[in-house]
Amino acid sequence: MVVDTIKMKSLSDRLAAEEVAGRSLWADARHRFLRNKAAVAGLFILILIGLFALFGNYIAAWSNEELDFTVMGQVAELGGPSFENGHYFGTDDLGRDLFARTVQGTRISLMVGIVGSLIAVIVGTLYGATAGYVGGRTDNIMMRTVDILMSIPYMFVLILLLVMFGRSIAMLFIGIGLISWLDMSRIVRGQTLSLKHKEFIEAAQATGVPSFTIIRRHIVPNLLGVVAVYATLLVPLMILTESFISFLGLGVQEPLTSWGALISEGAGTINYGTLWQLAFPLFFFIITLFAFFFVGDGLRDALDPKDR
Amino acid sequence: MISYIAKRLAIAVPTLLLLIIVSFLLMHAAPGGPFTQERALPPQVLANLEAKYGLDQPLWKQMANYVWGIVAHFDFGPSFIYKDRTVNEIIAQGFPVTLTYGSLSFLLAVLVGVSLGVAAAIRHNSWLDYLAVGISIGAQVLPNFVMAPILVLVFTLWLRWLPGGGWEGGQWQYIVMPVIALSTSFMASIARITRSSMLEVLNSNHIRTARAKGLPERKVILRHALKPAMLPVISYLGPAFVTMITGSVVVDIYFSTGGIGKAFVDSALNRDYAVMMGVTILVGALTILFNLVVDILYAWIDPKIRY
């Protein structure tokens, strides 16, 4: 009996300790996220793709610029995927190693997606939080500007920019950065409006904290959940935009490449029976988009369990 | 209602003007003029050319002329590359084609997307629901520039059912693949949005009331559930329309349909600024007009919107 009491006591102590430690919003969210199989699979795929982009070069037998003269001119017969000549994914119609090109394209596409998304996060969050927090006429003018910018056919303007100021990655970033933050700023503004009248903001105001510090220290950290979800969903959209532009031949220029450019090349040569040229870049493109969408959805469900 | 429309118009008109002015200034700021060539032209020739196109006038006057030409005469001026053609002619040639397959794709996307979404919501958690969700997730990552080569591969190269490109005055064989390529991802999005909003509406009180008073299920769905469930779909249609017009660029290039996207990309590669701006402004005007229509439709359907 005595032993039992001690056991029970230690058990209840342990439970109490756990109760006190509690679970933060983020720990809770992580738990829910890890239970979502699709999201975890997506995350796993993204890690694999990331490793592929970072270390793929060390596995490749050929560099992305070398021409393999033995397959040149008879790519349809000799250029297929094989381990013997080191072209794991085959070669393109010029005899360049498609594996190395895919690694490079993955790097560029992921970089465009992540940088575009980052620009959206930084600009959109600050803009939306400022508009929502300041309110009144400033808010009205700021959000009307966003409305106007949103009704501009941005893809055409982006192409216009790329043609007029030269096709370069920097210009692509500027063009994508110009438009990617609009949606983000709207979402953030909506969220800020609902935060603005909470007690802790009032407390900060009452103690005389300057507006910008309130936005930076109190509003923005509370927006992180929404922003994180939207940023994850934005990455595939940025990749899609870049691929679209590159498909038209207006994006990244040779010798650099991206998924869009590779898909475009592959699509242009399917008539010659070199299907692998389309299949490999397309495969990476599709599974990455899938993974990002699943991770984004999983994050949203994890952070907002009531919305099911 | 009329004052609401007037208010929306009051925003739409300045937006359009802004678009025209910004693209004009962009064109002007771009390095190199329209007559910059590998071999420099003799100064007299250049001066004559500039006088002909009005480029020797001060900037504000050029801009005023350009804006006035568009607003008053719907005239986008001459092309800088094709000496005997105006921008209007180039647009008039491609626009009907784009409009044909564009509106067909739009109709198809809305019809199939809404039906699929509604069916999935009514038969929630059945095989039909899972099929619809599966299709819409799959199609989400298949944008037009991915769909186009896959379609050609299957229908032209493997099955040999459809021609791989061309327009031929819009015979149906030539329309099928552009329409499918353009509409798939929108169909998926519309189906997903319809499904989730329909599910939400079906759980609401007024539907329970409608069922409780013994209305047949068909009537409950069509009369009481569909209308409120359409609101998120309608607000999606505005951006979807823009993206679809953008997608016509890919369709025109891949299927050689000769629409307005072809004119745009050709002009982009030729640096024919006049055509590029003409197309951009036309698409911008369409976008703004369509957003206006969507807003009005939204206000008309949703009684909660005050105007």
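Only a predicted model underlies this, so the values are computations on that prediction, with no experimental measurement involved. Chain letters run A, B, ... following the sequence lines, proteins first and then strands; every chain starts at 1.
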Fill in: Note, A:Leu275 side chain near B:Leu153 side chain (heavy atom, < 4.5 Å)
yes
Worksheet, complete the sentence: Turns out that what part of A:Leu278 lies under 4.5 Å from chain B's heavy atoms comes down to side chain
Item to complete: Let me know if B:Leu18 has heavy atoms under 4.5 Å from chain A in its side chain, its backbone, both or neither.
Response: side chain
Item to complete: Heavy-atom pairs under 4.5 Å with chain A are the metric here; pick the option from B:Ile288, B:Val146, B:Val22 that has the most.
Response: B:Val146
Discussion item. Quick check on the structure: residues of residues 181-190 of chain B within a heavy-atom distance below 4.5 Å of chain A, by number.
Written reply: none
Worksheet item: Taking all atoms of both residues into account, what is the closest heavy-atom pair of A:Ala267 and B:Tyr254, and its distance?
Response: O-OH, 2.9 Å
Discussion item. Does any backbone or side-chain atom of B:Leu16 lie under 4.5 Å from a heavy atom of chain A? Answer side chain, backbone, both or neither.
Written reply: neither
Discussion item. Does any backbone or side-chain atom of B:Phe145 lie under 4.5 Å from a heavy atom of chain A? Answer side chain, backbone, both or neither.
Written reply: both
Worksheet item: Top residue by heavy-atom pair count (under 4.5 Å) with chain B, among A:Leu162, A:Ile263, A:Ile159?
Response: A:Ile159
Check residues 242-251 of chain A and write down every donor-acceptor pair under 3.5 Å in which the side-chain atom is one partner and the other belongs to a residue at least two apart or another chain.
residue	atom	partner	partner atom	Å
A:Glu242	OE1	A:Ser258	OG	3.3
A:Glu242	OE2	A:Ser246	OG	2.5
A:Glu242	OE2	A:Ser258	OG	3.0
A:Ser243	OG	A:Ile239	O	2.8
A:Ser246	OG	A:Glu242	O	3.3
A:Ser246	OG	A:Ser258	OG	3.3

Discussion item. Can you tell me which portion of A:Leu240 sits under 4.5 Å from chain B's heavy atoms? Options are side chain, backbone, both or neither.
Written reply: both
